[in-house]
Amino acid sequence: MTDNRDRLNRTIDYLRISVTDRCNLRCVYCMPEKGVPAFSHDEVLRYEEIERVAHIAVGLGIVHLRLTGGEPLVRKGIVDLVAMLARIPGLESLAMTTNGTLLAPMAHSLRQAGLQRVNISLDTLRPERFRAITRRGELADALAGIEAAHAAGLEPVKINVVPIRGLNDDEVVDFARLTLDQGWHVRFIEWMPLGESAYSAREGLVSGPELRRRIEETFGPLAPAEVEGNGPARVWRIAGASGTIGLISALSEHFCHTCNRLRLTSTGALLPCLFSNLEFDLRTPLRAGADDATLRRVFREAIAHKPACHRLNETDGRATAAAASREMSRIGG
Ligand code: SAM
Ligand code: SF4
């Protein structure tokens with residue numbers, strides 16, 4: 001086994017770094033209305049600590065980094081962190097996932113600091129519904145964020161949509177049309193049963209194959225396509241569109257056999273799988289003055305224990321006990 005190859009011969013080259021569990025929104029499928037109890041300042045990794053972990057990761061061949069949260073843009077000084085990470089020798093890509101509502105005034109500085117791309121989450125194109133889904137956001141702010149991302153060259157800008165039956169799935173065709181009219185790269189992410197929403201997710205889930213069928217009914221057959229940083233998405237194109245449609249089907253067509261990622265929580269735990277409670281503590285050794293070899297060992301442990309696959313499709317359709325007791329905002333979505 002090389003440093004970043006796991007026992008199933010998967011190459012682990014991608015780390016999602018959650019910089020905070022806090023968020024300015026409260027999306028109904030991600031966070032409870034009251035928010036989640038915030039970690040104290042001391043519990044959360046400092047930027048120097050994140051930088052050290054990222055150095056170790058890149059040294060092991062984990063050369064693609066993505067900042068996420070919570071909402072990464074609510075953490076003070078995030079542009080400085082981007083600049084610190086962008087300087088790491090050997091790093092191949094640095095991206096961010098954001099709800100976009102705070103992005104407009106920061107997009108240019110983030111690009112200047114070395115951020116290469118953004119994924120922006122947007123579940124509706126209707127202002128009233130945006131307020132209802134996010135419980136506090138304004139659609140205009142998210143759209144301004146998308147525009148600013150393009151203007152700053154954070155390309156390709158990808159739009160993440162979580163379609164939920166009865167909530168926003170009537171907009172699937174509208175989003176697909178934007179790949180034709182505006183060249184958007186839209187990715188539909190299957191709703192996953194995490195945290196408090198675990199049970200209702202089953203009724204709300206709109207599967208990737210169903211989405212494809214619904215889009216093809218309006219636009220005709222989709223052709224396979226590619227977009228930079230594909231990740232787990234299967235990517236398609238409507239005939240004549242400059243944009244693309246990605247389908248990320250963690251449940252209906254899981255992609256565990258090609259999973260290449262680890263997650264770092266804001267409190268310094270390394271998670272080998274989104275749907276497992278396994279975690280490997282980096283913060284304690286970091287703060288005890290551990291040398292690089294010790295931190296590398298923690299990474300190797302996490303890689304060695306990466307589960308073969310999640311078990312969300314087992315039992316009676318509920319998430320298994322081991323899976324998914326925390327919201328995405330706490331894990332680092
Ligand atoms: N706040 C940022 C945002 O909204 O993009 C970054 C963090 S958010 C947790 C990352 C992504 O996870 C978003 O695209 C969001 O829609 C998605 N997400 C959150 N909860 C989810 C769930 N239960 N199932 C599927 N996707 C989820
Ligand atoms: Fe916040 Fe992102 Fe979760 Fe929405 S999906 S509540 S924006 S962390």
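Only a predicted model underlies this, so the values are computations on that prediction, with no experimental measurement involved.
- Rounded to the nearest 0.5 Å, atoms NE2 (H305) and SG (C273) are 14.0 Å apart.
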Quick one: side chains of residues 145-156, donor-acceptor pairs under 3.5 Å with protein atoms, not counting sequence neighbours, listed by atom name and distance.
from, atom 1, to, atom 2, distance (Å)
H150, ND1, E155, OE1, 3.4
H150, ND1, E155, OE2, 2.8
E155, OE1, V157, N, 3.4

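- Ring planes of W184 and F175: tilted class, angle from 30 to 60°.
- Closest approach of R237 to S242, counting heavy atoms only: NH1-O, 3.2 Å.
- How far CG of N160 is from CG of D123: 8.5 Å, rounded to the nearest 0.5 Å.
- A distance of 10.5 Å separates CG in L278 from CD in E301, rounded to the nearest 0.5 Å.
- If you chain together hydrophobic residues whose side chains sit under 4.5 Å apart, M106 and L25 never meet in one group.
- From T218, atom OG1 reaches atom CD1 of I238 across 8.5 Å, with rounding to the nearest 0.5 Å.
- V63 is not connected to Y14 by any chain of hydrophobic side-chain contacts under 4.5 Å among Ile, Leu, Val, Met, Phe, Trp and Tyr, and they are in different clusters.
- In this structure V44 satisfies the side chain to side chain contact (heavy atoms under 4.5 Å, CB included) test together with F39, R75, S266, sequence neighbours excluded.
- Using a distance-only test at 3.5 Å, with no hydrogens or angles considered, no donor-acceptor pair links the side chain of R16 to the main chain of T68.
- P163 places none of its side-chain heavy atoms less than 4.5 Å from the side chain of W191.
- Side-chain contact between L247 and R212 is present, with at least one heavy-atom pair separated by less than 4.5 Å.
- Side chain of T265 to backbone of A269: a donor-acceptor contact under 3.5 angstrom is found.
- Applying the salt bridge (charged side-chain N to carboxylate O under 4.0 Å, His left out) criterion to R135, with sequence neighbours excluded, gives E33.
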